[in-house]
Structure formats: structure tokens, C-alpha cells
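Report on one structure; see the data block that follows.
Heavy-atom basis, side chains included; hydrogens, waters and symmetry copies ignored.
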Amino acid sequence: MSSYDVIIIGSGPGGYVAAIRCAQLGLKTACVEGRETLGGTCLNIGCIPSKALLHASHMLHEAEHNFAEMGLKGKSPSVDWPQMLKYKQSTVDTNTKGIEFLFKKNKVDWLKGWGSIPEAGKVKVGDEVHEAKHIIIATGSEPSGLPGVDVDEKVIVTSTGALELGKVPKKMVVIGAGVIGLELGSVYKRLGSEVTVVEYLDHITPGMDAEVSRTFQKMLKKQGLEFILGAAVQKTEATKSKAKVHYKLRKDDSEHVLDADVVLVATGRKPYFDGLGLDKLDMALTDRGQIQVDDTWNTSVKGVYAIGDAIEGPMLAHKAEDEGMAVAEQIAGQHAHIDYNLIPGVIYTHPEVANVGATEETLKEEGRDYKVGKFSFMGNARAKANFAGDGFVKILADKKTDRILGCHIIGPSAGDLIHEICVAMEFGASAQDIAMTSHAHPTYSEAVREAALACGDGPIHM
Ligand code: NAI
């Protein structure tokens with residue numbers, strides 16, 4: 001048995017960040033992980049491998065669509081799927097090994113195996129029980145599944161199976177037009193699959209600013225993705241290599257069937273705490289089955305904290321990282337705070353979509369007086385040179401005070417551009433503050449400044 005100040009269960013972005021920060025703050029720290037590699041869903045079967053495939057398939061798209069016009073001639077590349085999977089895996093390996101290195105560097109012990117909490121102050125891994133003054137649950141989430149849909153990870157797959165298909169399918173049906181469905185759907189579309197997305201709602205990407213969501217859907221349609229909206233999937237049937245997807249249109253209850261070689265089920269995720277022993281601990285859960293925490297991530301069991309996908313809030317790696325750092329600082333006696341309104345969301349399709357803060361819809365609901373500053377990437381010189389003029393930046397600011405309330409970007413590098421606005425909002429900036437700040441020319445970031453100018457006397461290049 002070993003004794004620690006802190007034991008973290010789970011080594012995803014929430015857990016490994018918490019572990020490193022605890023160790024940096026002088027706490028004797030261990031992290032329990034049962035997978036062969038560190039990094040959790042994000043590094044092993046989520047964000048990182050999907051970004052490798054998004055990058056590779058985007059390169060193919062560029063070669064097929066834009067190389068000739070740029071004066072780049074020659075045979076267009078074809079897809080070597082096994083090699084693409086190797087590239088994806090090597091990206092995963094370097095990242096997971098990187099965490100192992102950081103654990104060693106910071107003297108975090110990796111307790112290999114699946115952990116449980118037999119009682120407060122104790123963590124069991126295999127046959128060994130370790131003592132910990134503080135325990136952080138960072139066990140993440142798993143696909144939530146759908147009644148009538150049996151996942152086999154070969155023909156009916158979640159995001160996990162979709163990252164290692166035997167071959168690029170001819171026909172793919174995606175259930176759910178959320179982040180996972182659209183990111184992986186666009187990967188396979190670019191690789192040559194016919195992709196049909198079936199979505200329960202009458203719009204894609206729930207919660208997104210409606211104007212951005214509509215524009216996004218149009219762009220994806222132009223890229224060849226098909227959408228069936230307002231359609232509830234009832235069940236799937238699968239053989240060894242084919243599937244049928246049964247759905248009902250909500251407007252008239254009519255029943256329809258789609259054929260597919262692969263069906264991707266992307267209808268959300270749920271917290272994962274199998275085998276942790278939460279029942280015995282009498283841990284309080286929310287109505288939605290997440291671990292209930294207070295504003296410093298304490299659970300109902302003294303000395304046990306929870307962060308990331310296991311608790312409420314957006315299921316995002318960076319939200320978990322923020323909480324990992326914050327809970328470590330809290331345990332070390334510092335004061336920690338997260339402004340949940342300023343956690344950005346990014347969809348890594350092409351173009352990318354990014355947002356932070358309020359949408360027009362939430363501002364209308366609140367009855368808030370706001371103004372909109374919008375600028376199209378068509379007016380951005382760099383975007384035009386790079387065939388990336390589709391999309392826009394939209395800043396929402398308070399009508400009277402000019403304080404920025406939200407920002408929505410659809411266009412090139414949106415996922416990077418949004419952070420200027422996150423920092424600005426963190427400091428309570430006005431749109432004019434952004435407008436008065438020099439932005440290098442020619443960069444995509446000028447579109448953000450122009451949108452800020454559009455909140456005042458008007459943009460220059462539109
Ligand atoms: P999601 O919650 O984003 O979208 C699920 C969609 O499925 C919704 O639009 C819902 O209306 C639809 N749906 C549910 N039941 C249905 C049915 N029977 N028939 C048709 N449609 C149905 O969930 P998703 O995409 O699975 O992602 C899970 C989590 O992972 C999310 O919280 C997401 O934010 C996170 N994630 C984030 C990424 C990023 O930040 N880039 C990347 C991947 C995942």
C-alpha cells in the first residue's frame with residue numbers, strides 16, 4: 001500500500017492535467033489508468049485520432065479541388081487507407097507517450113489498472129489498496145447509444161469503431177448531426193463515401209447560433225453530405241457487412257429505410273463510472289446521471305472530487321483540462337475559478353466552426369439589447385488567396401455598452417481565431433477594444449477586427 005496526497009482516477013485531459021498540476025504544486029500524486037496508454041478518450045480514440053483523419057482527408061480535398069488552379073499539376077493522390085490509419089496511430093502514440101514523459105518529469109506515479117473507491121480516502125487498483133487524502137474522479141464518458149441500435153463496432157459503429165474501419169465504406173449513414181457525426185461524416189465524405197446524416201431535430205448542431213448552423217449545413221451540403229432532418233431513428237438491422245436504418249419523419253410519422261455499409265451512431269455521450277463503486281459510497285448524482293459537485297468540484301463524499309465529462313457541463317476536453325487545473329489548485333489551498341460562459345466550442349470540419357458566449361437566440365430569450373457586427377471572409381485577402389473565403393465572423397455586443405457578449409465564426413482557422421475573443425471577454429472588453437487593436441496583414445484575424453469594426457462605424461473592406 002502507498003500513501004498519496006492525491007490520487008486521480010482516469011488519465012484523460014481532465015485527469016492527466018490535474019495530476020501534473022497537483023505534482024507541480026508539491027502534492028504527492030498518482031494517476032490510475034487501466035488502458036495500455038495514457039490520455040483517455042481524447043488522445044486514444046477521440047479528438048487526436050479524428051484530427052489526424054480530418055487533416056489527411058482535407059489535404060486530399062485540397063489536392064482534388066484547388067491544386068490545379070494554383071498551378072500544381074500531376075496525378076491527384078489516392079487513398080491508401082492502411083497507411084492513413086498508421087499515420088493516425090503514430091499521431092496518437094506520440095501524444096500518449098508525451099503524457100507518460102510528463103508524468104515521469106513531474107514525478108506522478110501511474111497506477112496501472114482499473115480503479116475503484118472502496119471508501120473515502122482509499123483507492124483500489126487490482127489487489128492493492130492505496131491511501132489518498134484527496135481523490136479526483138476523472139473517468140470521462142462513453143457513447144450513450146440508442147434503443148434498437150446494437151453497436152458491433154464493425155458495421156454499426158460509434159466514434160471508436162469509425163476511427164478504425166477495415167475500409168472506406170461506399171455508403172455511410174450517420175445518426176445525429178452533432179459534433180462527432182459532422183466531423184467524422186465529413187472525413188468519410190472527403191475519402192469518397194456517400195454520407196447521409198439523419199438528425200432528430202429540424203436543424204444541425206443543437207445549441208449553435210441559428211444563422212451559423214444554417215450556413216454550416218449549406219456548406220456541408222455543397223461538399224456532398226446529405227441531410228435528413230426531423231427524423232427519429234427507430235432501429236437498425238445489420239448483417240456482417242451491410243445495415244438498414246429505419247427512421248420516422250416527425251412531421252407526418254411516415255416510415256423510411258436507408259441502406260448503408262457502415263452506420264455511425266453519434267447521438268451523444270454519457271458519464272462513465274463502471275466499477276468505481278459509487279453506489280456503495282452513496283455518491284449524489286444529478287437527474288441526468290452525472291456526479292453532483294459544488295462550485296469547487298467537491299462531491300457529496302468528503303475528500304472526493306469530480307471533473308470533466310463525469311460532471312455536468314459541455315463534454316469538452318478543454319473544459320475538463322480547466323477543471324483539472326482548478327481542482328488541483330483548490331486542493332493545494334489556492335483559489336480557483338472557471339467562467340463556464342467563456343469556454344469555446346469548436347467543430348474541426350472544413351471550414352471550422354467556433355463559438356464562445358451568447359448566441360442571438362439566447363440574447364433574444366433574455367430580452368437583452370444587442371448589436372451584431374458581421375464580416376465575411378470574402379473580404380479577407382488572405383482567405384481569398386487560400387480558397388477559404390466561405391464563412392464569416394459574427395460578434396454580438398451589448399447595444400449600449402459595446403461589451404462583447406458572444407462570437408461565432410465559421411471559416412478558416414475559426415478554432416484558433418475564437419481565442420482572441422475569449423481573452424477579450426475574460427477582460428470584459430468592448431468590440432471597440434478589438435477594433436482599435438492592430439491586427440497583422442494579411443491574416444485571417446483581420447476578419448475578427450472587421451467584425452468588431454462592424455459593431456461600430458463599419459468595416460473597411462466590405
Ligand atoms: P451531440 O450531442 O453533439 O449530438 C447528437 C445529435 O444526435 C443531436 O443533434 C441529437 O438531436 C441527435 N439524435 C439523438 N437521437 C437521435 C435519433 N434517434 N435519431 C436521429 N438523431 C438523433 O453528440 P455527439 O456528436 O455524439 O458528441 C458527443 C459529445 O462529444 C458532445 O458533448 C460533443 O461536444 C463532444 N465532442 C466534441 C468535439 C469537439 O469539441 N470538436 C468532438 C467530438 C465530440
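Remark: the H61 side chain and the Q223 side chain contain no N/O donor-acceptor pair separated by less than 3.5 Å. Side-chain contact, S430 with D433: a donor N or O sits under 3.5 Å from an acceptor N or O. T96 and N44 share no donor-acceptor pair across their side chains, judged by distance under 3.5 Å alone. For the 3.5 Å distance criterion, the side chains of E323 and Y340 qualify, holding a donor opposite an acceptor. Side-chain contact annotation: D416 with Y444, donor-acceptor N/O pair under 3.5 Å absent.
For the atom pair CZ of R449 and CE of M436, the computed distance is 9.5 Å after rounding to the nearest 0.5 Å. Expressed to the nearest 0.5 Å, how far CG of L417 lies from SG of C422 amounts to 11.0 Å.
Within a 6.0 Å sphere centred on NE2 of H318, other residues, nucleotides and ligands contribute more than 12 heavy atoms. Summarising the local packing, CD of E36 is surrounded by 12 or fewer heavy atoms from other residues, nucleotides or ligands at distances under 6.0 Å. The 12-atom threshold is not exceeded at CG of D150, counting heavy atoms of other residues, nucleotides or ligands nearer than 6.0 Å.
Using a 4.0 Å cut-off between a side-chain N of Lys or Arg and a carboxylate O of Asp or Glu, D398 and R368 qualify as a salt bridge.
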| Under the side chain to side chain donor-acceptor pair (under 3.5 Å) criterion, do H441 and E446 qualify, and how do the steps go? | CA-CA 7 Å; H441 176 74; E446 288 174 285; 2.8 Å; yes
